[in-house]
Amino acid sequence: MLPPGPREPAALQTVEWIARPTAFLRRCRARHGEPFTVRVAWADAPMVLVSDPEAIRRVFAADPAVLHGGASSTVLEPFAGPTSILLTHGPEHLRRRRELLPAFHGDALAGGRETIAAMAAAEVAAWPAGATLRTLPRMQALTLEVILRVVFGPGERPELRAAIRRALDMTASLPRLVAMSLHRGATWNRFLRAVGEVDGLLAREIDRGGHPAGSLLGALAAADIGREELRDQVVTVLAAGHETTAGSLAWALERLAHHPAIQARVRDGDHAYLDAVVKEVLRVRPVLSIAARRVAAPFEVGGHLLPPGVHVAPCIYLAHRRPQAWPDPTSFRPERFLEGAPERGTYLPFGGGERRCAGAAFAALELREVLRAVLGRFALAPAGAGTERMRRGSVTLRPSRGGTVVPEPLQPTRLCRSSAATTA
Ligand code: HEM
């Protein structure tokens, strides 16, 4: 038998999952304990959520033949394509992973740092000082620009950029997201048309050939990968690799605006502290709430034997709020990451096991460079009373007011040391 969970119809649970995601998750755990089972239209079968570290470790360590990754349906599916790393499993999935990983690790990562720093500096230079700024759209534009550069190499691609944003923005509004999740009617078809437009432009880019050696497309094309697969890999990276990073950056700026002392300490240029700030943002405001797997053979978790067909998902949001692992869990306190590595199964912003985020190191680098650029130029102040709520938009949990802050110019004596060195 599945663990207990809310009795409301799936449609109602879906509305709560989308409209009040964090309150819904907290309430489920308070009422039903852990693990608990939800029924939402985003997954085609009941989904068992776990947040206990031991259960999370078991899920991430499970044999991929028992728990399949990438089999839960999301609005990313039409984007990703059937051969995408997100939707394949077993040896095929591992092969796709091996193709992608070099582009986001080692030398490629080191080489990307200066480029990202320069792109971030250019973005921040255009911000109006002293005016209220919604950072989410700015961060979406910047992270899309960065990932397009990784995939295709240098150059402007305004048409493709606009088409990708158009398609993703269709999944941003709450009513549309509910409509698309519950009923694949006219809104869904409009979304598919927007994805088709992205596809057309991508096909043109791919067929153009002559992709630079340092770009992901260059590397994949050299590995003699078929056209369909090339398309799916590229689209997956474009979609997975910018919306998440943009949301995390908007959260980082929103959190920092409420914590001037933390901003000041980042400006002192201590790399370890900046890294701790990034980790704490991803803990306290994780943009993805779950890392789902589909049960392929009976799997025991938390005293329940789950049958094949259902989903089991470590709940990132709830795991990051366990007071046993994170004292005073809702407070924003980067220092906690200077006190040693967290216990396994308690910190999972990038998921875990064989499906752990392929772009984790790249995303952390991007977050650090953008924060360095912003705080090297501005002191951030909150734009209104109170903090922003976590709202579902597209596939991420974003700030309800778009991460709104007021960037005030810094006095020359307070300029961030490391930023002055890297972005001058
Ligand atoms: C702050 C930013 C990001 C967050 C929070 C994030 C989070 C995640 C999570 C939770 C997963 C699922 C892991 C699992 O199921 O165990 C994932 C998968 C993935 N992410 Fe990220 N991600 C981020 C940025 C990126 C970037 C920048 C890229 C690409 C450059 C990327 C590419 C991928 C890919 C390809 C997968 C699928 C991995 C697989 O199935 O083997 N992500 N990410």
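One-based numbering, in listed order, for ligands and for the atoms of each.
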Which of the numbered atoms in ligand 1 are below 4.0 angstrom from a heavy atom of [X]?
X	value
Gly351	10 (C), 13 (C), 14 (C), 16 (O)
Gly352	16 (O)
Ala291	14 (C), 15 (O), 16 (O)
Ile147	30 (C)
Leu288	7 (C), 8 (C), 9 (C), 10 (C)

Exercise. Between Pro349 and ligand 1, which residue portion shows a heavy-atom distance shorter than 4.0 Å: side chain, backbone, both, or neither?
Worked result: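 It is the backbone that gets close, since no side chain atom is under 4.0 Å.
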Exercise. At a non-hydrogen distance cut-off of under 4.0 Å, which region of Arg97 contacts ligand 1 (side chain, backbone, both, or neither)?
Worked result: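 Answer for Arg97: side chain.
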Exercise. If you measure only the distance, is there a donor-acceptor pair under 3.5 Å linking the side chains of Arg333 and His259?
Worked result: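 Short answer, no.
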Exercise. When the ring planes of Phe24 and Trp17 are compared, do they come out parallel, tilted or perpendicular, using 30° and 60° as the limits?
Worked result: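 Rings of Phe24 and Trp17: perpendicular, as their planes differ by over 60°.
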Exercise. Arg96 near ligand 1, heavy-atom distance under 4.0 Å?
Worked result: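 So Arg96 does not count as touching ligand 1.
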Problem set entry | Closest non-hydrogen atom pair, Arg97 against Arg356 |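 The answer is NH1-O, 2.7 Å.
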Exercise. Rounded to the nearest 0.5 Å, what separation is found between the CE atom of Met390 and the OG atom of Ser400?
Worked result: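 Here the rounded value is 10.5 Å.
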For this session: Before signing off on this row, confirm whether Glu366 and ligand 1 have an N or O atom pair separated by under 3.5 Å.
Result: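 Checking ligand 1 against Glu366, no N or O pair falls under 3.5 Å apart.
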For this session: May I ask you to check whether Thr245 has an N/O atom sitting below 3.5 Å from an N/O atom of ligand 1?
Result: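 Min N/O separation from ligand 1 is not below 3.5 Å for Thr245.
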